[in-house]
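Read the numbers this way: they start at 1 and go in the same order the structure lists the ligands and their atoms. We number each residue from 1, following the sequence as shown.
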Amino acid sequence: MSDAGRHTRLLHAGAPTLRDGAGPVNVPVVRTSTVRFASQQALESRQHRRAAGERVASYGRHGLDTHEALEDALTTLEGGHRAFLAPSGLSAITLMLLALLGPGDHVLVSDSVYAPVRRVDKTLLRRLGVTVEYFSPAHDDLATLIRPETKLVYLESPSSLLFEVLDLPKLAAVARERGVPVAVDNTWSGGWFLQPLRLGANISIQAATKYIAGHSDVMQGAVVVDSPALAERIATTHEALGLAIGADDAYLSLRGLRTLPLRLTQHQRNATEVAQWLQRHPQVGRVFYPALPEDPGHALWQRDFSGASGLVSFAFRNAGANAGSAFVDALRWFSIGASWGGYESLALVAPPERLREHRAWQGNASVVRLHVGLEDTQDLLADLDQAFHLTLT
Ligand SMILES: *Cc1c(COP(=O)(O)O)cnc(C)c1O
């Protein structure tokens with residue numbers, strides 16, 4: 001099985017075993033709060049196996065067959081050792097931070113990460129006595145920033161609004177040499193176009209809410225780790241936080257995963273067409289999409305990624321501060337909204353204060369982020385065109 005192609009393995013990971021020679025293609029939705037035992041001895045044996053680190057459920061919170069199948073599929077997707085499920089992408093990030101950090105610890109975070117991480121920093125980590133330091137992978141030398149008390153390097157590539165591609169193998173090598181684990185938010189690639197664990201990272205985080213579930217109807221996150229030691233740390237904190245997700249949501253993500261490569265390939269095709277069209281548009285100053293040869297991250301993207309997703313940002317050329325909001329208001333097929341990764345197109349004005357946090361880009365033009373969905377591109381381009389006309393006359 002392990003020498004089969006990636007598509008094959010993703011499609012068959014977590015498939016249910018046949019009982020009495022027959023069974024369904026998909027794992028059933030197994031909902032439960034209580035796990036029933038045939039005897040006191042069966043209960044105790046399971047509890048002991050669980051305490052020893054084995055993935056067996058002794059209570060509904062741990063999840064049964066549906067959850068296990070999704071964990072297996074995510075572990076396969078990321079090429080990891082074990083996956084943990086969380087109720088949202090943000091809760092997966094917080095789980096990982098709480099599992100690895102304690103009072104007096106220092107964590108280095110790339111300055112372009114998903115914005116709510118900065119709220120976790122100010123509202124939770126600071127209170128716990130953790131020092132968070134933001135650094136620019138484009139400007140700073142990671143080696144000189146790592147201190148004896150640095151317990152984690154946390155990265156996101158490409159970054160959330162401007163899709164800055166980081167040199168993950170290099171950053172991971174610097175951290176590893178100093179014994180510091182590296183976690184990467186891998187939501188942009190859906191886990192399909194990038195496997196951070198193969199590039200030297202130790203933890204990969206997914207907001208399964210986005211491309212994995214893929215239909216804008218589930219909130220979910222996952223933490224995938226590369227070793228038994230990290231699995232144990234995440235498992236302890238996961239248990240302490242009482243994190244649980246419903247079996248129906250686990251089922252939806254598993255169903256989404258089976259078509260992830262197909263959907264991503266089409267998102268890439270549509271987004272590339274939109275990005276190239278934006279590049280030629282007289283009202284556009286710059287397009288952010290690493291699959292474009294002109295993008296500063298293109299060479300790294302080409303080396304480390306096998307594709308690009310549906311997210312494309314652009315900056316206006318000579319427009320005022322309100323251009324972004326006038327533009328998104330004028331769109332018809334693109335809805336205004338944040339949680340991308342579904343089949344549909346979305347647009348969002350990038351908040352200027354977020355862009356200023358990102359040292360690799362200090363322009364002051366209005367920036368709009370598009371999620372290019374699976375609609376016909378001629379309709380999307382016509383929609384963008386009429387919005388440009390209405391925005392600047
Ligand atoms: C959306 C997102 C998250 C958070 O996921 P939720 O499920 O919305 O909590 C984390 N990281 C990135 C890069 C995201 O885009």
Side-chain angles (χ1 to χ4, degrees), residues 70 74 78 83-98 109-121 123-124 134 137 154-166 168 182-194 196 201 203-224 238 241 243-246 249-250 252-253 256-257 260 264 267 271 288-290 297 305 308-313 335-342 344-351 354-355 357-358 367 369-373:
L70 176 59
L74 289 166
E78 293 274 359
F84 295 86
L85 306 176
S88 68
L90 184 56
S91 68
I93 296 169
T94 306
L95 161 65
M96 180 277 299
L97 294 171
L98 291 177
V109 178
S110 58
D111 63 356
S112 51
V113 285
Y114 176 67
V117 173
R118 290 179 185 255
R119 284 204 289 278
V120 176
D121 160 9
T123 54
L124 185 61
Y134 295 91
Y154 180 58
L155 309 168
E156 182 181 332
S157 180
S159 60
S160 268
L161 293 173
L162 301 176
F163 315 120
E164 180 195 358
V165 185
L166 311 188
L168 284 180
V182 176
V184 177
D185 185 326
N186 191 24
T187 302
W188 184 87
S189 88
W192 183 250
F193 287 148
L194 180 76
I203 300 171
S204 183
I205 305 243
Q206 280 290 340
T209 307
K210 309 288 170 57
Y211 282 127
I212 288 175
H215 295 74
S216 304
D217 51 5
V218 178
M219 297 296 303
Q220 205 171 95
V223 178
V224 184
H238 192 268
L241 291 171
L243 298 182
I245 69 165
D249 283 349
L252 287 173
S253 281
L257 263 177
L260 176 74
L264 276 173
H267 281 293
F288 304 88
Y289 191 60
F305 290 74
S309 67
L311 289 170
V312 179
S313 289
S335 306
I336 301 172
S339 193
W340 48 274
E344 82 290 7
S345 288
L346 295 170
L348 197 68
V349 179
R354 280 286 337 279
L355 300 174
E357 288 166 353
H358 199 304
V367 171
R369 184 187 75 186
L370 302 175
H371 175 250
V372 181

Run through all N or O atoms in ligand 1 and write down each protein N or O closer than 3.5 Å, as a pair with its distance.
| residue | atom | partner | partner atom | Å |
| --- | --- | --- | --- | --- |
| ligand 1 | 7 (O) | Gly89 | N | 2.7 |
| ligand 1 | 7 (O) | Thr209 | OG1 | 2.5 |
| ligand 1 | 9 (O) | Gly89 | N | 3.1 |
| ligand 1 | 9 (O) | Leu90 | N | 2.9 |
| ligand 1 | 11 (N) | Asp185 | OD2 | 2.6 |
| ligand 1 | 15 (O) | Lys210 | NZ | 2.6 |

With Ser345 via side-chain hydrogen bond (donor to acceptor under 3.5 Å, both in side chains) - residues at least two apart: Glu375

Ile212 side chain near Gln206 side chain, heavy-atom distance below 4.5 Å: yes

Pair Tyr211 and Trp188, ring centroids less than 6.0 Å apart: no

Lys NZ or Arg CZ of Arg118 over Tyr134 ring: under 6.0 Å, within 45°: yes

Working for side chain to side chain contact (heavy atoms under 4.5 Å, CB included), residues Leu85 and Leu74: CA-CA 9 Å; Leu85 306 176; Leu74 289 166; 3.6 Å; yes

Any donor-acceptor N or O pair under 3.5 Å, side chains Ser335, Glu344: no

